[in-house]
Amino acid sequence: MSAALDEFCGSVFWNASYLDRPDADLPVCFQQTVLVWIPLGFLWILGPWQVLPMCKSRDKKSSVTKLYIIKQVLTTLLMLTAVAELVLAAVEGAEQDPLPAVQYTNPSLYIATWLLVLLIHDARRFCLRRDSGILFCFWTLSLLCGSLLFQSLLRRALQVGFGRKLSASSRSLAGNAESALNPEVTASFLSSITFEWYSSMVFKGYRKPLEIEDIWELKAEDKMQSIYTVFEKNMKTAVRKAQAELEKRKRKKRRREGGLDHVNNISKAQSQDILVLEEKQTKKKKGDKGDSGSHKDYPRGWLMKTLGKTFWKNLLLSVTFKLVHDLIVFVSPQLLKLLIAFVSDEESFAWQGYVYAILLFLSAMIQSLCLQQYFTLCFKLGTQVRASLIAAIYKKSLTMSSATRKESTVGETVNLMSADAQRFMDMANFIHQLWSSPLQIILSIVFLWGELGPSVLAGLAVMVLLIPINWFLVAKSRTIQVRNMKNKDERMKIMSEILNGIKILKLFAWEPSFEKRVNEIRAHELKNLLNFSYLQSVSVFVFTCAPFLVSLASFAVYVLVDENNILDAQKAFTAISLFNVLRFPMAMLPLVLSSLVQTNVSTVRLERYLAGEDLDTSAIHHSPIEGRLLPEAAWDGACGQRQAAGGGCAQADVMRQLFLSLSFQGSLAYVPQQAWIQNATLKDNILFGSELDEARYQQVIKACALLPDLELLPAGDQTEIGEKGINLSGGQKQRVSLARAVYSNADIYVLDDPLSAVDAHVGKYLFEHVLGPKGLLQNKTRILVTHSISFLPLVDNIVVMGAGAVSEQGSYGTLLANRGAFAQFLNSYGNIALAGDEEQGDEDIEPSVEEGPDDVVSMALKRESSIHRRVKLSMYLRYLRAVGLWYSFWVAMGYVAQYVAYVGTNLWLSAWTDDAERYLNETYPVEQRDLRIGVFGALGVSQALFLLFSTILSAYGAVRASRVMHQQLLGNILRAPMSFYDTTPMGRIVNRFAKDIFTIDETIPMSFRSWLSCLMGIISTLLMITLATPFFALIIIPLGIFYYFRFYISTSRQLRRVDSVTRSPIYSHFGETVSGLSVIRAYGHQARFLQQNEITMDINQKAVYSWIISNRWLAIRLEFVGSLVVFFSALLAVISKGTLEGGIVGLSVSSALNVTQTLNWLVRTSSELETNIVAVERVHEYTKVKNEAPWVTDKRPPRGWPSKGEIRFVDYKVRYRPELELVLQGITCNIGSTEKVGVVGRTGAGKSSLTNCLFRLLEAAGGKILIDEVDIATIGLHDLRKNLTIIPQDPVLFTGTLRMNLDPFDQYTDEEVWKALELAHLKMYVQDLPGRLLYVVSEGGENLSVGQRQLVCLARALLRKAKILILDEATAAVDLETDHLIQTTIRSEFADCTVLTIAHRLHTIMDSNRVMVLQAGRIVEFDSPEELLGKAGVFSMMAKDAGITNTETTTL
């Protein structure tokens, strides 16, 4: 081969002696062949593919740009030089002897190559991204090889005169006018690999806070729709296969059980039926065993396959990058070895050192580029996997059958979205470690064996021994974490209850009892947290000891095994570099494995959920003719008929079943019993995705009585409605829900008791204008479910339900004549109910809409102020103060001491390796050897002990800070006035107790520790390099300036913020969808909601993607700084050769190789710390909320106050907030002892405000209230509230025992409690409960009916038995019987008390001593009911509306 090439070139191809001299060079033939052919070969192998777009693209070429012309002209010039060279060679060959073949072939090759380059340039005009990565690599290779040729020519020219040939090379500059959408699409190759295209975003983020609008759109292939389409297609085929497998498994199981042999000769369809029957039976059997079928078999093993199939390209590409990176990682230690040998060897040539330094730099750069590309791909994979799963879960929730839906609660499903999908995302980021870690471990061991021989096994043994210790610590920590999660859940449950029922807590003065409960749970939580932190300290200790123990064991064994083994610098520092490489995979492998186990759990949950049964749409026959319900036994209705269903509790179920087995023609609209309101503007809620028709819209609003409400709302119909309609009253929600149905202009209307939540007069209005014979819906088929009896005479057909079946049906007259259950029911309650059925709603429960226009909406739903600015230093200080300044000081000192010991250890090792030079041809003294090992060991141990000391101290300090901050927050929140809760969405407060406290508990201490440790690590490394080569100090300063990436931090922080702000809509939109599923399905709007979900997901995806790229942008720049540190430390070592020992060079360069990662981490942790310390700021913000008046003051009321129960209002005025209008405008009245007074008034008259004033939930704006001659404004709030009793409008119960709900302070005996229950008609019921008084009430009292909850509230009042009782009338949620019970008890038991009744149904107050009529915050009438009925006034008008003529008709 060599001889042939010698002949080809006409000179020697290779001669090693060329390199063994100070002015080394390569042989000419080698330069003319190898160095020319490497770049050309590369281009000819990969280039032709780049021409393909010309052949197959149908796209239009993009226009010719200046850049394109320049590139083509330069390439043509290069081609002309090659032609000239060929001509010259031919002429010269003709004149003299023929020239060697190489003189002809090379120019010919170049001519062909430049032609190819011209073609490639032209072909790239068909592509969006103009430049070509292949060409870029070709130019780079040409430049590298050409530079070697060039320096040879230059040297020869300087020796000979002028060199004849010069080789030129041009660099392809590519680019395009920046895409308005995403510059990544058109970014050049160089810009792509260095993420340069992202720089403009980083600077933008530095100059101003980034908003979601500033972030570039995703590329088309990264958008939700394109990813999910592929995923869904693959998922369907995989699930189908998995279901077939499942069938096989079932069949096998049955065969084993035997007995279904005859299935074989039945037709397939029948056998399917038998399978279904079989399944049902086995389910039943399982259920009998008490195992509720939770272990039901499901299609397995399809999810991972689907993901693999969908994302195979990404996986393949990242494997390539990771492989290249892993192999190059092992080049650095070998180069380090060569460098140390070079420094130690007096004979070596200087050029070798420079080559090693440059190679170290290049290998670090290539490693960095590969790693960042790999990470980008991995994180992109993670986000796309998460997005696909969330989309799949969302779609499933819209299509799943009711049976499957019952298997998982909304919370569980949201969990699948947040936790399980997140787990997949985390796993995807590190999935390649599964093969990469073992590969790195094997390679490290191979290389180490080469250095130290079998004594490596000692080091490995230490590593392997540390693994079980780590496993043990991890397992122990996990159990503590699991325990603590329970505490956290428990605490959050109580917190959200406290916030939901805060009004009740304040009215009953129960805050201290609940504060104590929360603090008890918090104490357990912190105790576990402390133990967890201690365990963490130990594992950090073990982790820090590991590298040092490993090297100690290896070196000690190496030196002790054989006295000829002397530790020299090459061996020691190469081994240390390799051990450092080994640390990462050893640490990662167990983490990845445990993450794999967790992902496995998630896989099971997701597979079970996503492969669940879908809704069977075949049960509903839908023909698109005008609305007519086709008869199913019970329902009969011709076009335009109105039907009503009354009685029984099965009505709502019937409604639900309606959607399951029904054949109807025309479109359908549905109004559920509990209105479902979206978090959108009021207008969007009514339009519900339909086109706006202004005239029709106005007509609907008027008919649904929404005009007065629009005037009250701050932005009219553009007012944003909070989650679950938080800023609308019950009645308003119901009217919006009705308006949505009416606007949809469907053919059939299914109305589930829409009038229950509105006032009587509003109900009447709605019936007349919307539902009744003259209403907007007069030509539609309407099915109305109702508890209300007053509208029954006006309907066409009545269906009476009883015990889940139809008991009677017919028109009103027919049913009365039948004298069945319906007629009996009417006889018992008819006189009240027909009197105008004044069941009214909680129409004025919300002061928000009742009093004053500027309200909750405008205040509360202002976007939560997100913290743009840089975090103030005072926040760090506030946190450190909470930790304790002495603690903080000693923790810092501990870290300093640890790094002093670290530097000491390394310097000692470098001195030890220099012994090899010192005792070159002598035997190594034993005592010297023992001293070296002993001190090395001692320094290493002290390093770990200092660390242990500071981590344990910091653990204790951090828990202390958590305790202090939580206590301040809780104490202050419970003392905040009601107005704070009215204007602050609950989620925001809950967030402070959940996310922010979690951050303070766990994240901040970790961030602080890693920040300290990175900072110290960098300082100590730079110190060691400077000790080795003092000139390095000069380089630190320019590198430091380059490293100051302050501006990155602000961008990163804002991107994190945008991510979390855009993430919550995904979950809230999902929660909303699930709660409104019946409505969405009834209207058939699934597709619109799926699309909405896709848009929401894309917005979040682009924030996450931008954040990923920003991290890579930073990492690649920091790693470049790291590579420069490596380069300069090596370069300085080469320059100072002769003055340095091998040991100190090894120390300097191996430290530098380690610094790259640490530099990266320092910026990361700074950024993280800044992001997290915001939690301290957010918590602090709520510890500064203005408090209400003190609970107890020096002035205490006399014992037994109030003894008479006289109430006097003296010119009393009140407003909700300082900037609002007065709500009560100077009320003056006297209420005598034991007097019964009813308070009435239309919505917004100020009835509820009156109760709030008595309890001082609102403070006076003027005037005063005296109770038994004591001014209530002068005593403590608890003294006041404990001595009044209220039965509130909505019955709020808390989680805990029934007894706790009645008497949280344990003030009363069991006998007294039972007595109160008996009077409240609950004794029989409670005696039958498991646990009786200790029966556990579930969240919000869900396991009691609304009526029973109302009775429990009555029992509370009876137990307190104060002299003054305020009765805020129960809403329509209570049925007539319960209402009757409550009224009777109050009349008998509170006969000797002063009773104020806020009435919503007039008949309940007709037997009061006096009635107070309020209008617009003033008393307009105040007299006995008889007097008021007699004279024409507001009261008599209201009574007439309600159908009351005299006081007798109404008594029960």
Side-chain angles (χ1 to χ4, degrees), residues 503-504 506-508 759 832 838-845 1202 1205-1207 1209 1229 1231-1241 1245-1255 1257 1265 1267 1280-1293 1302 1316 1319-1322 1346-1414 1422 1425 1450-1452:
K503 193 167 180 184
I504 299 297
K506 290 198 176 300
L507 292 172
F508 282 91
D759 279 7
I832 317 155
E838 329 92 300
E839 290 203 39
Q840 299 182 358
D842 48 350
E843 201 50 18
D844 48 4
I845 166 177
E1206 293 172 354
I1207 307 173
F1209 285 86
C1229 68
I1231 295 171
S1233 177
T1234 74
E1235 195 175 3
K1236 310 286 177 280
V1237 174
V1239 183
V1240 297
K1247 307 191 291 277
S1248 297
S1249 311
L1250 204 61
T1251 27
N1252 292 345
C1253 297
L1254 275 173
F1255 283 89
L1257 288 182
I1265 301 178
I1267 296 182
L1280 167 67
R1281 292 170 183 171
K1282 279 181 174 160
N1283 292 310
L1284 303 179
T1285 310
I1286 182 165
I1287 300 179
Q1289 192 176 27
D1290 21 350
V1292 177
L1293 299 187
L1302 294 167
L1319 292 171
H1321 309 279
L1322 275 173
V1346 181
Q1348 287 164 335
R1349 279 182 249 167
Q1350 198 71 57
L1351 292 175
V1352 171
C1353 293
L1354 174 63
R1356 260 183 212 159
L1358 289 163
L1359 202 51
R1360 253 203 181 167
K1361 202 69 191 291
K1363 241 351 204 174
I1364 296 176
L1365 169 72
I1366 289 105
L1367 184 64
D1368 201 347
E1369 257 247 314
T1371 55
V1374 184
D1375 59 276
L1376 299 171
E1377 292 170 56
T1378 316
D1379 192 52
H1380 183 54
L1381 288 176
I1382 294 176
Q1383 296 297 339
T1384 323
T1385 309
I1386 288 171
R1387 289 202 183 101
S1388 58
E1389 288 305 312
F1390 291 99
D1392 56 343
C1393 301
T1394 308
V1395 181
L1396 259 83
T1397 307
I1398 309 283
H1400 296 250
R1401 319 178 189 182
L1402 291 189
H1403 71 265
T1404 53
I1405 54 147
M1406 293 311 282
D1407 60 342
S1408 311
N1409 304 113
R1410 288 195 288 170
V1411 173
M1412 180 191 295
V1413 183
L1414 289 176
F1422 190 19
T1450 62
T1451 45
L1452 281 162

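When reading the values below, keep in mind they use all heavy atoms of this one structure, side chains included, and skip hydrogens, waters and symmetry mates.
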Kindly compute the distance separating CG (L1250) from SG (C1229), expressed to the nearest 0.5 Å.
7.5 Å
Would you mind telling me which of L1396, I1267, V1395 makes a side-chain contact (heavy atoms from CB on, under 4.5 Å) with I1231?
L1396
If we only count heavy atoms from C-beta on, is the V1237 to N1409 side-chain gap below 4.5 Å?
no
A1316 and A1355 have their tightest heavy-atom pair at CB-O, 3.8 Å
Can you confirm whether I1265 sits close enough to C1253 that some side-chain heavy atom of one is under 4.5 Å from a side-chain heavy atom of the other?
yes
Check whether any side-chain heavy atom of F1390 lies under 4.5 Å from a side-chain heavy atom of T1285, and answer yes or no.
no
Interatomic spacing from SG in C1393 to NZ in K1236 - rounded to 0.5 Å:
6.5 Å
Is any side-chain heavy atom of I1364 closer than 4.5 Å to a side-chain heavy atom of I1207?
yes
Is the shortest side-chain heavy-atom distance between L1354 and L1322 below 4.5 Å?
no
Who are the side chain to side chain contact (heavy atoms under 4.5 Å, CB included) partners of S1233, not counting sequence neighbours?
K1204, E1206
Could you tell me if the side chain of L1293 sits less than 4.5 Å from the side chain of R1356, heavy atoms only?
yes
Residue pair L1358, T1385: steps toward the side chain to side chain contact (heavy atoms under 4.5 Å, CB included) verdict:
CA-CA 9 Å; L1358 289 163; T1385 309; 4.2 Å; yes
Using the test side-chain hydrogen bond (donor to acceptor under 3.5 Å, both in side chains), find all partners of T1251 that sit at least two apart in sequence or belong to another chain.
none
If I take atom OG1 from residue T1397 and atom CG from residue L1365, how far apart are they, to the nearest 0.5 angstrom?
7.0 Å
Taking all non-hydrogen atoms of both residues into account, name the closest pair between G1205 and T1394 and its distance.
O-OG1, 2.5 Å
To the closest 0.5 Å, what do you measure between CG (L507) and CG (L1254)?
10.5 Å
K503 (side chain) donor-acceptor with L1257 (main chain) under 3.5 angstrom
no
Contact between I1286 and F1255 at the side-chain level, heavy atoms closer than 4.5 Å - yes or no?
yes
For E1389, the side-chain hydrogen bond (donor to acceptor under 3.5 Å, both in side chains) test, sequence neighbours excluded, returns none
What closest approach, in Å, do R1281 and K506 show between heavy atoms, and which atom pair accounts for it?
CD-O, 2.8 Å
Short question: side chain of K1363, backbone of L1284 - any donor-acceptor pair under 3.5 Å?
no
Is R1410 close enough and on-axis enough to F1422, meaning under 6.0 Å and within 45°, for cation-pi?
yes
